[in-house]
*Asks:* 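If you scroll down you'll find the structure; I have some questions about it.
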Amino acid sequence: MIKTLEWTDSGVRFIDQTKLPTEETYVTCKTHEQVADVIRKMVVRGAPAIGVAAAMGIALGIKNSKAATGAELKQEFERICDLIGKTRPTAVNLFWAIRRMRQKFEYFRMRTIPQIKQELIEEAQRMHAEDIAANQAMGRHGATLMPTSGGVLTHCNAGALATCGYGTALGVIRAAVEQGKKIHVYADETRPFLQGSRLTAWELMKDGIPTTVISDNMAGAMMKQGKIGAIVVGADRIAANGDVANKIGTYTVAVLAKEHAIPFYVAAPFSTIDLETSNGSTIPIEQRNAREVTHIAGKAIAPEGVEVENPAFDVTPGKYVTAIITERGIARAPYNESLRKLAEEPAVASI
Ligand code: MRU
């Protein structure tokens, strides 16, 4: 199994996703500043993985703390959360993780400093295990929606690499394949960061799942040719009305799906669902460096000085989403009702 991130005695260890697929290397962060940096640089990426990385970063910062009193530790805790909270704005899992770590801190505030440290480390590790269990549950629910055979399109990487293991959208595909469905994945290459060609193709090939990489502008033609029976993507934040923020280009795929009457599914854990945000219009969209668009592997592919836009995400209106697959079950429109109803179901416990 791919170890996207893990807590070790010497720090938090990440597979370096900026180096894949040509190099499989790992980096170990020894401080919370280093964890913030690997989130910002997308060494670790994907909403659920970012959330758990944030939790582990907080636990690491507190573990390293020299605070002598509870009050000092609390001040340091807030400084660490503030730094980690400023790394990437769109994936709500980051803020969900900070909130959960803060609740833990408050709950154990009166304990000794070594006890508080231990509780936070355990909480971050629990979140890691819960994420894998949630993905497996999502896979069980979502596999029923996958065709028995044929092409399934995905955009970006919502796999083991974007989570603590198994994946959300790719978890649904993995579960369908485990059930004997003969699925052939079409992976959008996902410009400009190429999560589809570099990461999705890499992890699916490792699992022996048939995969074809296409450039993003080929998706419509593939749909028109009847090669795509379903689409499944992940999400960075889902608003209460079912609007979905996900990797830039997802909106285009969803509109094309509607035109071709192909079901468009979103797979995401409850840590990605933001019921406090009523619709997608207020979701903050991260703008990234122009160089990601103008350069590939350090080589210029656009004239120097050209104007560039580089929003990392877009928002797909809920009306294009056939269903949202969560670890607690499947939600369908109207999402304002179905998501709130699922939110009342018990959370999936880790094994
Ligand atoms: O910029 P990234 O690579 O962090 O964006 C990742 C995505 O958009 C994923 O589709 C999303 O986080 C879901 S991952 C299970």
Side-chain angles (χ1 to χ4, degrees), residues 2 4-5 14-18 20 38-54 87-97 128 130-132 134-139 142 153-174 187-200 202-204 216 231-238 244-254 264-274 280 283-289 292-293 310-316 321 324-327:
I2 298 164
T4 305
L5 72 165
F14 298 91
I15 189 167
D16 186 345
Q17 301 195 33
T18 62
L20 288 170
V38 298
I39 297 173
R40 216 178 287 113
K41 291 185 175 144
M42 293 171 66
V43 168
V44 62
R45 31 68 47 203
I50 291 172
V52 175
T87 50
R88 297 194 72 193
T90 306
V92 76
N93 307 59
L94 180 82
F95 308 100
W96 165 87
H128 185 279
E130 284 174 10
D131 184 61
I132 299 173
N135 293 335
Q136 287 165 341
M138 240 176 278
L153 180 89
T154 190
H155 189 76
C156 193
N157 171 267
L161 289 167
T163 62
C164 299
Y166 204 65
T168 59
L170 297 193
V172 167
I173 290 172
R174 284 194 165 99
D188 276 348
E189 94 181 315
T190 318
R191 281 277 292 148
F193 211 72
L194 305 175
Q195 289 94 331
S197 55
R198 294 192 303 107
L199 309 177
T200 295
W202 181 77
E203 65 165 89
L204 290 179
D216 301 337
I231 295 156
V232 60
V233 299
D236 287 84
R237 191 186 293 230
I238 301 177
V244 173
N246 191 46
K247 181 52 54 195
I248 190 75
T250 303
Y251 171 56
T252 318
V253 173
F264 178 87
Y265 300 115
V266 175
F270 256 81
S271 52
T272 303
I273 297 171
D274 180 6
I283 297 176
I285 301 293
E286 177 184 9
Q287 304 290 324
R288 291 191 62 88
N289 197 304
E292 288 179 358
V293 175
N310 188 13
F313 303 97
D314 59 26
V315 175
T316 299
V321 179
I324 298 173
I325 303 157
T326 78
E327 70 274 37

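Since this is a predicted model, take the numbers as computed values, not measurements. When a ligand or atom number is given, it counts from 1 through the structure's own listing order.
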*Asks:* At the 4.0 Å heavy-atom cut-off, does A91 count as touching ligand 1?
*Replies:* no

*Asks:* Using a 3.5 Å cut-off on N or O atoms only, is M42 in polar contact with ligand 1?
*Replies:* no

*Asks:* To check you understand the geometry: which heavy-atom pair defines the closest contact between I50 and A91, and what is its length?
*Replies:* CD1-CB, 4.5 Å

*Asks:* Measure H155 to ligand 1 on non-hydrogen atoms and call it side chain, backbone, both or neither using the 4.0 Å cut-off.
*Replies:* neither

*Asks:* State whether the shortest distance between N or O atoms of A158 and N or O atoms of ligand 1 falls below 3.5 angstrom.
*Replies:* no

*Asks:* Rounded to the nearest 0.5 Å, what separates atom OG in S271 from atom CD1 in I238?
*Replies:* 10.0 Å

*Asks:* Who's the nearest protein heavy-atom neighbour of atom 10 (O) of ligand 1, and how far?
*Replies:* N246 OD1, 2.6 Å

*Asks:* Give the contacting part of A268 toward ligand 1: side chain, backbone, both or neither, where contact means a heavy-atom distance below 4.0 Å.
*Replies:* neither

*Asks:* Verify side-chain hydrogen bond (donor to acceptor under 3.5 Å, both in side chains) between N246 and R237, making sure each step is shown before the conclusion.
*Replies:* CA-CA 7 Å; N246 191 46; R237 191 186 293 230; over 6 Å; no

*Asks:* Kindly give the heavy-atom pair with the smallest separation between N135 and Y166, and that separation in Å.
*Replies:* O-CD2, 3.7 Å

*Asks:* I need the atoms of ligand 1 closer than 4.0 Å to a non-hydrogen atom of P48, numbered in the order shown.
*Replies:* 14 (S), 15 (C)

*Asks:* Numbering the atoms of ligand 1 from 1, which are under 4.0 Å from a heavy atom of R88?
*Replies:* 1 (O), 2 (P), 4 (O)

*Asks:* So H155 and T200, do their side chains get closer than 4.5 Å, heavy atoms only?
*Replies:* no

*Asks:* What is the closest protein heavy atom to atom 14 (S) of ligand 1, and at what distance does it sit?
*Replies:* A162 CB, 3.4 Å

*Asks:* Quick one: does ligand 1 sit under 4.0 Å from the side chain of F313, the backbone, both or neither, non-hydrogen atoms only?
*Replies:* side chain

*Asks:* Considering only heavy atoms of Q195, which atoms of ligand 1 have at least one such atom less than 4.0 Å away?
*Replies:* 1 (O), 2 (P), 3 (O)

*Asks:* Among all protein heavy atoms, pick out the one at the shortest distance from atom 7 (C) of ligand 1; state its residue, atom name and that distance to 0.1 Å.
*Replies:* D236 OD1, 3.2 Å

*Asks:* What residues, two or more places apart in sequence or in another chain, satisfy side chain to side chain contact (heavy atoms under 4.5 Å, CB included) together with E286?
*Replies:* R88, P89, T90, R288, A312, F313

*Asks:* Looking only at non-hydrogen atoms, find the nearest pair between T154 and A169 and report the distance.
*Replies:* OG1-CB, 4.2 Å

*Asks:* Would you sort out whether D188 and T190 count as a side-chain hydrogen bond (donor to acceptor under 3.5 Å, both in side chains), showing the intermediate values?
*Replies:* CA-CA 5 Å; D188 276 348; T190 318; 5.7 Å; no

*Asks:* Of the protein's non-hydrogen atoms, which lies at the shortest distance from atom 15 (C) of ligand 1, and what is that distance?
*Replies:* T168 OG1, 3.1 Å

*Asks:* Does ligand 1 have a heavy atom under 4.0 Å from the side chain of K247, from its backbone, from both, or from neither?
*Replies:* both

*Asks:* Out of curiosity, L161 CG to I2 CD1, how far, rounded to the nearest 0.5 Å?
*Replies:* 5.0 Å

*Asks:* Using heavy atoms and a 4.0 Å limit, tell me yes or no: is A235 in contact with ligand 1?
*Replies:* yes

*Asks:* Would you indicate whether the side-chain heavy atoms of Q195 and Q17 approach each other to under 4.5 Å?
*Replies:* no

*Asks:* When rounded to the nearest 0.5 angstrom, what distance separates NZ in K41 from CG in N289?
*Replies:* 12.5 Å

*Asks:* For ligand 1, note which part of C156 has a heavy atom under 4.0 Å away: side chain, backbone, both or neither.
*Replies:* side chain

*Asks:* Quick one: which ligand 1 atoms are inside 4.0 Å of a heavy atom on A47?
*Replies:* 12 (O), 14 (S)

